[in-house]
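In what follows, a single structure is set out as structure tokens and then discussed.
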Amino acid sequence: MNLIEIISIFAAAMAVSIGAVGPALAEGRAVAAAMDAIARQPEAAGTISRTLFVGLAMIETTAIYCLVIALLVLFANPFIH
Amino acid sequence: MESPLVTNVLFSIGPVPITETVAATWCMIAALALAAILTSRALKLAPSRTQAVLEAFVGALDDQIRDTMRVAPAPYAPLLGTIFIFIFVANWSSLIPGVDPPTAHIETDAALALIVFLAVIHFGVRARGIGGYLKTFAEPSFVMIPLNIIETFTRIFSLIVRLFGNVMSGVFIIGIVLSLAGLLVPIPLMALELLTGAVQAYIFTVLAMVFIGGAVSDGRSADRQKEKKS
Amino acid sequence: MHIDWWTLALQTVNVLVLLWILSRFFFRPVMDIVAKRQAEANKLLSDAAATRDQATAARAAAEKAIADVTADRDRAIAEAHRAAETEKTEMLAQSSREVARLHSEASAAIARDRATSAKAVVAHARELSVDIARRLLGRLPPTVSFVAFLDGLCREVKALSAESRADLAADAGDAIEIVTAAPLSAEDTDRVRDALHQALGAQPALEFRVEPALIAGIELRSRGTIVRNNWRADLERIGEELDRDERRA
């Protein structure tokens with residue numbers, strides 16, 4: 001195992017871990033806000049939860065980007081051949 | 001461990017390699033076509049339960065288009081509906097054992113995004129003419145022209161990567177969990193993957209709707225839409 | 001990262017094929033059937049609206065007809081009332097006129113009857129008085145009565161105006177008629193002549209005639225003067241007097 005591979009694995013782990021922090025915080029805020037909204041307006045719970053799911057998916061996309069980068073680094077690294 | 005990024009070639013027709021993805025898509029298309037033909041034969045003025053569900057789906061799609069694009073939904077409904085149905089069925093085809101969802105491979109997502117990209121140009125040109133469509137790149141001022149051009153491609157790229165990353169990561173994680181613990185453990189992850197697949201289909205369709213709507217409707221209503229969204 | 005361009009192209013074609021199939025066999029039929037149902041519902045609604053409009057119009061027409069009939073009836077009733085009123089008034093007027101006429105006729109008849117009966121009474125009285133007078137006279141000797149009448153005649157002749165007397169006396173040509181009820185004896189004739197000559201102061205010719213209608217008495221007739229002193233004339237005067245009284249009453 002050469003240096004490039006070690007750095008690549010380390011970089012993949014960094015990308016996923018750091019990329020998970022931001023979306024986790026954002027999703028926490030979003031869910032908290034949604035809970036607050038549902039508590040205030042229980043009759044709008046359907047609309048709020050639908051919008052919440054869409055928003056969570058959009059937020060999660062950033063984490064997915066990080067995961068894609070990590071996978072690229074691990075499985076399609078242009079420097080390892 | 002096998003890379004999730006590679007596709008296996010099943011066989012070749014002449015120079016054309018037919019991958020697993022394409023074969024699965026063909027099966028999916030055949031099933032959808034059969035179902036569509038059967039249901040359209042059975043359409044009646046007094047709807048059966050199935051027909052009522054289908055009509056509710058089409059009505060909801062029309063309403064969504066009307067809400068998002070603020071135009072008559074008739075010309076756009078088939079394209080957007082097809083995109084939604086395709087992504088939805090492709091995502092949920094992971095339920096069938098041994099089948100990789102076609103959307104878990106970047107070629108399928110790229111094809112879908114390419115169609116959206118072409119549809120944006122097509123509908124924009126049809127609604128405003130070539131000059132009118134090109135003028136939308138200079139909104140709100142000509143300084144924005146490079147940014148608008150870059151945005152046109154980056155949003156398509158983000159479409160591709162969002163769908164691909166979600167579905168592929170789901171498949172990949174389920175594969176890893178399966179290799180660790182085979183029985184019952186992956187089931188919550190699979191359920192989550194089904195939810196993610198449905199939500200991603202909806203998001204892809206809505207984003208395509210927004211892109212086409214931005215090209216079709218005038219700047220002011222697009223601005224208003226953005227205000228409404230924010 | 002490796003992208004299989006063939007797969008990309010095939011997937012694009014696949015999606016396009018699916019788009020065609022679905023728009024041909026799914027979206028268009030469903031949209032058509034929804035539009036058809038919408039049209040059907042609209043047609044039903046418009047039909048219902050048309051039917052309702054029709055019914056409303058029919059009801060309005062019926063109401064109008066009823067109102068017309070009511071107005072006609074009211075008018076007819078009013079007309080009948082008016083006619084009856086007029087007829088009644090007319091009948092009342094006519095009957096009152098009739099009553100008045102009958103009343104006046106009756107009173108006229110009563111008056112006539114009364115007048116007739118009064119006249120009859122008078123005539124009867126007159127006849128009765130004449131009869132009485134004649135009977136009474138029949139008891140007296142003719143001369144006695146004659147002398148009394150002759151005296152009266154002479155007094156009357158003397159009471160005449162001078163002119164009349166002169167007229168009588170000068171009337172030499174025609175004779176003066178002396179009418180008596182009974183034929184005079186020669187003595188009586190002489191006495192009459194003497195008395196008249198004395199009364200007139202002249203001697204005109206005298207002619208003597210007899211008229212039983214005088215009952216009793218004597219009458220002098222010349223061409224311009226008649227001097228009566230007999231019962232008939234008296235009775236006639238009494239009768240006239242009675243008539244006058246009757247009329248006055």
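In the text below, chain A, chain B and the rest are named by the order of the sequence lines, each starting its count at 1.
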Is there a salt bridge (Lys or Arg N to Asp or Glu O under 4.0 Å) between C/Glu98 and C/Arg101 once you walk through the steps? CA-CA 5 Å; C/Glu98 192 73 14; C/Arg101 194 173 61 75; 2.7 Å; yes
Main chain of B/Ile18, side chain of C/Trp6: is a donor-acceptor contact present, judged purely on distance under 3.5 Å? no
Evaluate the ring-ring contact (aromatic ring centres under 6.0 Å, His included) criterion for residues B/Phe123 and B/Tyr76: first the C-alpha distance (whole Å), next the side-chain angles of each, then the deciding distance (0.1 Å), finally the verdict. CA-CA 9 Å; B/Phe123 286 124; B/Tyr76 314 107; 4.7 Å; yes
Under a 4.5 Å heavy-atom cut-off, does chain C meet the side chain of B/Val58, its backbone, both or neither? side chain
With a 4.5 angstrom heavy-atom cut-off, is it the side chain or the backbone of B/Ile83 that approaches chain C, or both, or neither? neither
Leading residue by heavy atom contact count with chain C [cutoff under 4.5 Å; candidates B/Ala33, B/Pro17, B/Ala110]: B/Pro17
Among B/Leu32, B/Thr21, B/Ile37, which residue has the highest count of heavy-atom pairs closer than 4.5 Å to chain C? B/Ile37
If we define contacts as heavy-atom pairs under 4.5 Å, which of C/Val13, C/Leu18, C/Asp32 has the most with chain B? C/Leu18
For chain C, which residues of residues 111-120 of chain B have heavy atoms nearer than 4.5 angstrom: B/Ala111, B/Leu112, B/Leu114, B/Ile115
Is chain B contacted by the side chain of C/Phe25, its backbone, both, or neither, given a heavy-atom distance below 4.5 Å? both
Segment of C/Leu10 engaging chain B (4.5 angstrom heavy-atom cut-off): side chain
Option that, when pairs with chain B are counted at under 4.5 Å, heavy atom only, ranks first among C/Thr7, C/Thr12, C/Leu16, C/Leu22: C/Thr7
Apply salt bridge (Lys or Arg N to Asp or Glu O under 4.0 Å) to C/Asp68 and C/Lys64, showing your working. CA-CA 6 Å; C/Asp68 283 358; C/Lys64 194 173 158 299; 3.6 Å; yes
So does C/Val30 get a backbone contact from the side chain of B/Glu55, meaning a donor-acceptor N/O pair under 3.5 Å? no
Interface moiety of B/Asp62 toward chain C, non-hydrogen atoms closer than 4.5 Å: side chain
Around atom CD of C/Glu87, are there more than 12 heavy atoms from other residues, nucleotides or ligands closer than 6.0 Å? no
Please assess B/Gln64 against B/Asp67 for the test side-chain hydrogen bond (donor to acceptor under 3.5 Å, both in side chains), listing each intermediate value before the final yes or no. CA-CA 5 Å; B/Gln64 185 72 46; B/Asp67 282 351; 5.8 Å; no
Would you verify whether the NZ or CZ of B/Arg162 falls within 45 degrees of the ring axis of B/Phe204 while also being under 6.0 Å from that six-membered ring's centre? no
Just wondering, more than 12 heavy atoms not from B/Ile130 lying within 6.0 Å of its CD1? no
Could C/Lys43 and C/Asp47 be called an ion pair, given the rule that one side-chain N must be under 4.0 Å from one carboxylate O? yes
